[in-house]
Amino acid sequence: GNPSNVINLTAFTVDTTAPIIANITSLTSDGAYKAGQNISVRVTFSEPVTLAGGILDVGLDTGAVVAIGAAGPQTIFDGNYTIVGGQNSNDLNSTNVTLSGTLKDLAGNDANLAMPATTIAVGSAIVVDTIASVLTYTHIQSNNANTSLAKTGNLVLVNFTSNETLGALPTATIAGNAATVASNGGNSYNATFAMTGAETEGNINFSINFADAAGNPGTAVSSTSDST
């Protein structure tokens, strides 16, 4: 009889399922970040895909867009977000993913770029803060019977309040000397100094230096917000 050709297709796989974005996450530690600092952005797909001839753009709620270049086949695509002044978010999140070029799995199925349930804000607690804090209240007094005067041994107290959570404990000087600063809870603080007698008579000057949790330095304050 005539010979026959037999083709073994036991290893053949049919794949008509489009790859999807499994999650968008960040490897950056939780915390507050300011302009110039970097935050990682990671896009993970449900299966290996190849990005060719274009860019994968991840939009963020700060208005920034993280561009990820051609690569693959792979499931993980990493990008970097460098914070720019004027960009702020109380809980950084990814908002959309767009594509120029092609993004396909090994079978040639185009990726579905619908946003996943797990985004940056779900898996992380990252604050983007490029606005310096300010002091909303400052008041000076002493423990003298006349709180607008101070003599040797009297304690001079400067009470101040910031508009947001500060990072490290503020520093202060009173009458040119380093003051002791303590938190009253929340955004309220006290700076105190015991008069030694070596101070020059006259108005007592003070200065408060501070920065917010992201490290943005506020403008040093050396005057009260009331009539004291």
Side-chain angles (χ1 to χ4, degrees), residues 5-133 163-167 211-216:
N5 294 321
V6 178
I7 301 175
N8 186 347
L9 297 180
T10 57
F12 183 80
T13 301
V14 176
D15 179 3
T16 61
T17 302
I20 62 172
I21 301 174
N23 55 67
I24 304 176
T25 57
S26 178
L27 302 181
T28 300
S29 299
D30 292 346
Y33 295 85
K34 61 181 179 178
Q37 293 185 300
N38 297 315
I39 296 174
S40 83
V41 174
R42 169 170 285 187
V43 182
T44 302
F45 287 88
S46 57
E47 61 177 300
V49 291
T50 298
L51 172 60
I55 299 293
L56 189 68
D57 287 325
V58 182
L60 303 176
D61 64 348
T62 60
V65 175
V66 178
I68 301 174
Q74 60 198 51
T75 57
I76 294 175
F77 291 77
D78 286 318
N80 183 66
Y81 166 40
T82 301
I83 301 170
V84 175
Q87 297 176 345
N88 298 281
S89 173
N90 290 327
D91 189 5
L92 181 67
N93 202 11
S94 42
T95 56
N96 62 83
V97 177
T98 58
L99 171 69
S100 63
T102 62
L103 186 64
K104 299 177 181 290
D105 65 13
L106 298 178
N109 297 300
D110 290 318
N112 182 338
L113 299 183
M115 289 296 289
T118 301
T119 58
I120 293 175
V122 174
S124 299
I126 296 173
V127 175
V128 176
D129 180 3
T130 64
I131 302 173
S133 55
N163 69 324
E164 63 175 318
T165 301
L166 299 181
D212 63 21
N216 298 298

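These numbers come from a predicted model, not from an experiment.
- A donor-acceptor pair is defined here as one N or O able to donate and one able to accept, closer than 3.5 Å; such a pair exists between the side chain of Thr28 and the backbone of Ser40.
- Nearest approach of Pro73 to Leu106, heavy atoms of both residues: CB-CD2, 3.8 Å.
- Residues meeting the side-chain contact (heavy atoms from CB on, under 4.5 Å) test with Val84, sequence neighbours left out: Gln87.
- Across all non-hydrogen atoms, the minimal contact from Gln37 to Ala32 is OE1-O, 4.4 Å.
- Scanning for salt bridge (charged side-chain N to carboxylate O under 4.0 Å, His left out) contacts around Asp78 gives Arg42, with sequence neighbours left out.
- Here OG1 of Thr82 is found 4.0 Å from CG of Asn38. Values are rounded to the nearest 0.5 Å.
- Two residues are said to be in side-chain contact when any heavy atoms from C-beta on lie closer than 4.5 Å; Ile20 and Pro116 fail this criterion.
- We find the CG-CG distance between Leu92 and Asp30 to be 11.0 Å, quoted to the nearest 0.5 Å.
- For Asp15, there are no salt bridge (charged side-chain N to carboxylate O under 4.0 Å, His left out) partners two or more places apart in sequence or in a different chain.
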Could you go step by step and tell me if Ser133 and Asn163 meet the side chain to side chain donor-acceptor pair (under 3.5 Å) rule? CA-CA 6 Å; Ser133 55; Asn163 69 324; 4.7 Å; no
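- The salt bridge (charged side-chain N to carboxylate O under 4.0 Å, His left out) test applied to Lys34 returns no partner, not counting sequence neighbours.
- The number of heavy-atom neighbours closer than 6.0 Å to CG of Asn90, taken from other residues, nucleotides and ligands shown, is 12 or below.
- Shown here are the ring pair (Phe, Tyr, Trp, His ring centres under 6.0 Å) partners of Phe77, two or more places apart in sequence or in another chain: Phe45.
- Contact between Ala18 and Glu47 at its shortest, heavy atoms only, is C-OE2, 4.3 Å.
- What you find for Pro19 and Ser46 is that their closest heavy atoms are CA-OG, 3.5 Å.
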Would you tabulate the side-chain donor-acceptor contacts of residues 52-66 under 3.5 Å, counting partners in other chains and residues two or more places apart, or write 'none'?
from  : atom 1 : to    : atom 2 : distance (Å)
Asp61 : OD1    : Ser89 : OG     : 3.3
Asp61 : OD1    : Asn93 : N      : 3.2
Asp61 : OD2    : Ser89 : OG     : 2.9
Thr62 : OG1    : Ala64 : N      : 3.4
Thr62 : OG1    : Tyr81 : OH     : 3.0

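- Here Asp105 contributes atom CG and Thr17 contributes atom OG1; the two are 8.5 Å apart, rounded to the nearest 0.5 Å.
- For the pairing with Ile21, the side-chain contact (heavy atoms from CB on, under 4.5 Å) check across Leu113, Thr119, Thr44 returns one residue only, Leu113.
- At a threshold of 4.5 Å between non-hydrogen side-chain atoms, the residues Ile126 and Ser26 count as touching.
- Counting only distance, with no hydrogens or angles, the side chain of Asn23 and the backbone of Thr118 share no donor-acceptor pair below 3.5 Å.
- Atom CD1 of Ile76 sits about 11.5 Å away from atom CD1 of Ile68, to the nearest 0.5 Å.
- Thr95 OG1 to Met115 CE: the interatomic distance, rounded to the nearest 0.5 Å, is 6.5 Å.
- Here Ile131 contributes atom CD1 and Asn88 contributes atom CG; the two are 4.0 Å apart, rounded to the nearest 0.5 Å.
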